[in-house]
Amino acid sequence: MSNESQGTKNISILVPCFNEADMLPLFYPALCQVLGGLTAYEFELLFVDDGSSDATLAILQQLAQRDARVHYLALSRNFGKEAAMLAGLDAVQGAAVIIMDADLQDPPGLIPELLAGWEAGYDDVYAQRQGRPGDSAAKRLSSRLYYRLLRHFSAIPVLADVGDFRLLDRKCITALCQLREYERYTKGFFSWIGFRKLAVPYDRPARAAGHTKWGWSDLVRLGLDGLTSFSTLPLRLSTWLGLLSAGGALLYMVWVVVKTLLYGDPVAGYPSLVSIILFVSGVQLIVLGIIGEYLGKTYCEVKRRPVYLIREKNF
Ligand code: UDP
Ligand code: MG
């Protein structure tokens, strides 16, 4: 079945922006140039200002005055890219949406290929990067290791080298909007919802201006979120850890008793006692920490707070 048969050819472009005042004057013309060549479609350009502290919103307001296709939506504070994307997905009006970063790392030149995949009947046409010349060797290596780990641990395969840059059919938008959890791991959601997927390879360029908003601590946090929201393996791991150390301790106890019966107890085993106590309490703390991770997540979710709040919009 072709998506073409759905009639309307309204396509939304969703761009989450956080302090992108440097980037927008470059991004917008680059995007317009590509869209200008796609006369078969009508476009909505939805920018989500994720609580920027620079001139991002002012620039968006100017763009909206000049170009009726430009819609913007400003969140009440910085909620993070994951929340900004949900805000955008809730608001887009097109039959399909293309999510892209404002920093030109998601090249607008790929849009025609994404649309071609959609016309061929695919619901989720995602861009898969082939090289990451813009990223450091350490970032590349850690991301490779992480995705391997995640794939092993969770039932849902999360693809490496695939980001949020993709085209989603209305069916996928509806599905994603139903996932309202507070701690969001959108990359996992894309896999979780299923639907017909197509990969489009591309070369990921370096950020063209401004700087990345992701520090190492953000990446570690996002990584842990990914693990704990899609896998309960850490919980099971803690059970194994507990069993292992308890079993070891039991064997050691038997050995101590046998040794005492055979040879008596000449010196009190103070050092071994202390090391065992330290080891076992360490294991207990690890296990408590793992349980705490999940408990904290549950606590956040049961509060049922909205994922984002909107301060103003122009549509
Ligand atoms: N972004 C956002 N909210 C944030 C952080 C980032 O909306 O809290 C946007 C940012 O403006 C950009 C995209 O998410 O359009 C990707 O951010 P960035 O380029 O900093 O991340 P990287 O490419 O380094 O992963
Ligand atoms: Mg970037």
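Every number for a ligand or one of its atoms is a count from 1 in the order of the listing.
Checked against Ser12 for a side-chain hydrogen bond (donor to acceptor under 3.5 Å, both in side chains), the options Glu42, His71, Arg170, Glu44 give a single hit: Glu44.
Panel note: side chain Asp54, backbone Ala21; a donor-acceptor pair is recorded below 3.5 Å. The backbone N or O of Glu301 lies less than 3.5 Å from no partner atom in the side chain of Arg304, so there is not a single donor-acceptor pair.
One hydrophobic cluster holds both Val48 and Phe315 under the rule that ILVMFWY side chains link at heavy-atom gaps under 4.5 Å.
Here OH of Tyr126 is found 7.5 Å from CG of Leu198. Values are rounded to the nearest 0.5 Å.
Using a 4.0 Å cut-off between heavy atoms, Asn78 contacts ligand 1 through its side chain alone, with no backbone atom that close. Looking at Asp50 against ligand 1, only its side chain comes within 4.0 Å, counting heavy atoms. At a heavy-atom cutoff of 4.0 Å, ligand 1 is contacted by no atom of Met23, backbone or side chain. Residue contacts with ligand 1, taken as heavy atom pairs separated by less than 4.0 Å, involve Glu20 solely via side-chain atoms from C-beta onward.
Residue Asp103 approaches the Mg ion (ligand 2) most closely through its N/O/S atom OD2.
Side-chain N/O atoms of Glu82 and Thr186 include a donor and acceptor closer than 3.5 Å.
Those atoms of ligand 1 with a heavy atom of Asp103 less than 4.0 angstrom away are 19 (O), 23 (O). For ligand 1, the atoms closer than 4.0 angstrom to any heavy atom of Cys17 are 7 (O), 11 (O). Heavy-atom contacts of Pro16 reach the following atoms of ligand 1: 7 (O), 9 (C), 10 (C), 11 (O), 12 (C), 15 (O) (cutoff under 4.0 Å).
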Legend entry - Working for salt bridge (Lys or Arg N to Asp or Glu O under 4.0 Å), residues Asp169 and Arg196: CA-CA 10 Å; Asp169 183 70; Arg196 283 163 300 182; over 6 Å; no

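Between Ala84 and ligand 1, no N or O atom pair is found at a separation short of 3.5 Å.
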